[in-house]
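Comments concern the structure below.
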Amino acid sequence: MGAGLALPALLDVESGSAATRDSKSDKSEDSSFDPWVAIYAENFRHNVQEISRRVAGRPILAVIKNNGYGTGVANVARILEPQPEVSGFAVVKLHEAMSLRDAGIRKPILLLGPFDQKNLEDAAARNIMPMVYTPQGDALDGVAAKLQKPVPVHICIDTGIGRVGVPYYQAAPLIRDLAARKSVQIQGTMMTFTEDAELDKEQMRRFQETCGGLEKEGIALGKKHAASSFALFQHADAFLDMVRPGMAVYGIYPENELRHTNVMDLRPALSLKGRVIYVKKLRKGDSAGYNRAYIAKEDVWVATLPVGHADGWPRIAPKGAKVRIGSELYPVIAAVSASHCIIEIGGEERVKIGDTATFFDWQAGSRPEDVSEACGASVYDLTMHLSPLLPRRIV
Ligand SMILES: Cc1ncc(COP(=O)(O)O)c(C=O)c1O
């Protein structure tokens with residue numbers, strides 16, 4: 001199986017703080033008007049340490065699915081692999097798991113997504129652990145016999161999310177069957193919260209009761225894990241033996257209200273940037289954007305940026321999002337089209353062609369959560385919808 005889509009990644013490793021590196025790289029790479037995603041390795045490391053502190057040193061299974069939440073799945077894995085706090089990686093798509101092995105990633109990889117018998121064989125041959133929740137015992141026997149080694153798996157129990165996982169009230173016979181097979185090594189047992197305050201408590205109870213019953217029978221369930229980023233902010237009884245965050249690793253609070261707690265200091269590890277391609281003055285009454293989405297109330301300067309919804313910049317950005325140029329924030333106006341958006345500069349021509357515009361980064365006022373609060377786009381959309389075609393610059 002191939003490595004999947006080849007993603008452009010410009011390695012540009014420099015030293016110093018994120019701020020200085022950022023301004024340096026702005027100067028050194030100004031030949032192109034193509035927008036880019038910058039990745040701050042130091043912030044990744046900081047976030048991992050914050051999470052580790054929060055969970056009292058429990059292992060972190062870093063979720064890097066969906067192209068590493070926009071950063072590039074191999075980019076983030078390469079940055080995180082040397083971190084002792086990170087015990088492994090989880091992805092949903094088999095091609096992402098394969099491309100991590102192709103990239104030389106050696107830590108355990110958990111495949112959260114579906115697979116058929118052939119995929120199972122390919123995955124196990126490359127030490128990719130499947131997440132199992134249907135009667136796969138015979139298939140696992142076959143693969144283990146072929147590879148001459150047991151297949152490590154994680155078992156997924158559905159305690160209420162209704163997505164994937166064996167329903168908790170049907171889990172015991174499935175797990176007994178898998179545990180009894182020499183071909184299977186249960187390395188972990190997991191669940192996913194609905195992130196509904198009431199049901200989360202009940203989900204935890206269902207999980208503990210199901211696992212507790214099986215453990216009393218002498219069945220080893222491996223590391224139990226449930227906590228994604230949201231749960232890291234909740235009671236520690238959800239941390240179990242290992243945690244499984246995605247968004248927090250990228251330094252972004254999964255819900256806006258969690259920003260204002262002191263539970264963890266998270267620093268966004270990615271930014272979206274582009275350069276001004278055109279600056280002009282609209283006269284009073286002139287319009288901008290398809291369907292005349294914006295009409296100038298008076299003479300006003302606007303700037304066009306080469307970033308649109310095909311790049312991952314949300315169509316709802318004009319509902320309040322602001323873009324930073326220099327130290328000023330300018331509102332997104334009109335309509336976001338596939339490859340462009342427009343910002344309002346004001347009464348004076350304060351920006352010029354070639355200036356770097358930051359759509360979001362780690363600075364107060366420009367964080368993904370600020371954009372989210374301003375226009376209503378989810379931070380998951382802002383990151384995971386970033387086009388894989390944008391160059392990634394690791395700084
Ligand atoms: C099974 C599972 N675990 C963990 C995560 C990580 O979630 P988050 O990014 O909210 O931490 C996800 C992502 O949606 C997931 O599907």
Side-chain angles (χ1 to χ4, degrees), residues 43-44 47-48 50-52 54-55 58-71 73 76-77 80 85-94 96-97 108-115 128-133 153-166 168 187-197 200 203-204 207 222-234 238-259 261 263-264 266-270 367-369 372 377-386:
N43 288 0
F44 268 119
N47 299 326
V48 163
E50 273 296 283
I51 296 167
S52 181
R54 168 67 179 151
V55 301
R58 286 172 179 81
I60 299 169
L61 179 64
V63 178
I64 58 172
K65 62 183 187 171
N66 300 329
N67 201 26
Y69 286 50
T71 60
V73 69
V76 58
L80 295 180
E85 300 89 347
V86 175
S87 64
F89 302 104
V91 294
V92 172
K93 304 240 181 349
L94 180 59
E96 286 197 307
I109 298 174
L110 176 62
L111 176 65
L112 303 170
F115 52 85
I128 294 163
M129 289 182 290
M131 181 183 84
V132 174
Y133 51 93
V153 304
H154 286 229
I155 296 170
C156 179
I157 301 178
D158 176 10
T159 56
I161 196 159
R163 190 171 60 172
V164 291
V166 56
Y168 67 99
Q187 288 212 345
T189 302
M190 58 187 284
M191 58 155 271
T192 297
F193 287 110
T194 54
E195 304 182 1
D196 170 275
D200 278 1
Q203 284 186 273
M204 192 77 269
F207 188 70
K223 287 204 164 15
K224 286 174 279 178
H225 51 106
S228 61
S229 302
F230 183 81
L232 294 181
F233 292 86
Q234 313 299 312
F239 299 168
L240 304 176
D241 302 323
M242 179 161 80
V243 293
R244 207 178 61 231
M247 198 52 95
V249 172
Y250 302 88
I252 301 169
Y253 295 90
E255 299 282 344
N256 286 332
E257 67 264 19
L258 298 174
R259 284 177 81 177
T261 63
V263 177
M264 281 183 289
L266 299 177
R267 298 185 190 158
L270 68 161
R367 292 178 59 119
E369 301 94 329
S372 173
S378 147
V379 289
Y380 290 83
D381 294 358
L382 288 171
T383 53
M384 290 182 185
H385 293 187
L386 287 170

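This chain uses plain numbering: 1 for the first residue, then up along the sequence. When a ligand or atom number is given, it counts from 1 through the structure's own listing order.
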So which atom in R259 and which in Y253 form the shortest heavy-atom distance, rounded to 0.1 Å? CG-CD1, 3.6 Å
Under 3.5 Å, side chain of N66 to main-chain N/O of M384, donor-acceptor pair present? no
Ligand 1: which residues have a non-hydrogen atom closer than 4.0 Å? V63, K65, Y69, R163, T192, S228, S229, R244, P245, G246, M247, Y380
Any side-chain to backbone donor/acceptor pair from D158 onto V164? Under 3.5 Å, distance only. no
Using modelled atom types and a 3.5 Å cut-off, is there a donor and acceptor pairing between side-chain atoms of N256 and backbone atoms of S372? no
What I want to check is whether the side chains of S52 and R58 have a donor and an acceptor closer together than 3.5 Å. no
Of the options T192, L240, V243, L110, which is the one that meets H225 in a side-chain contact (heavy atoms from CB on, under 4.5 Å)? L110
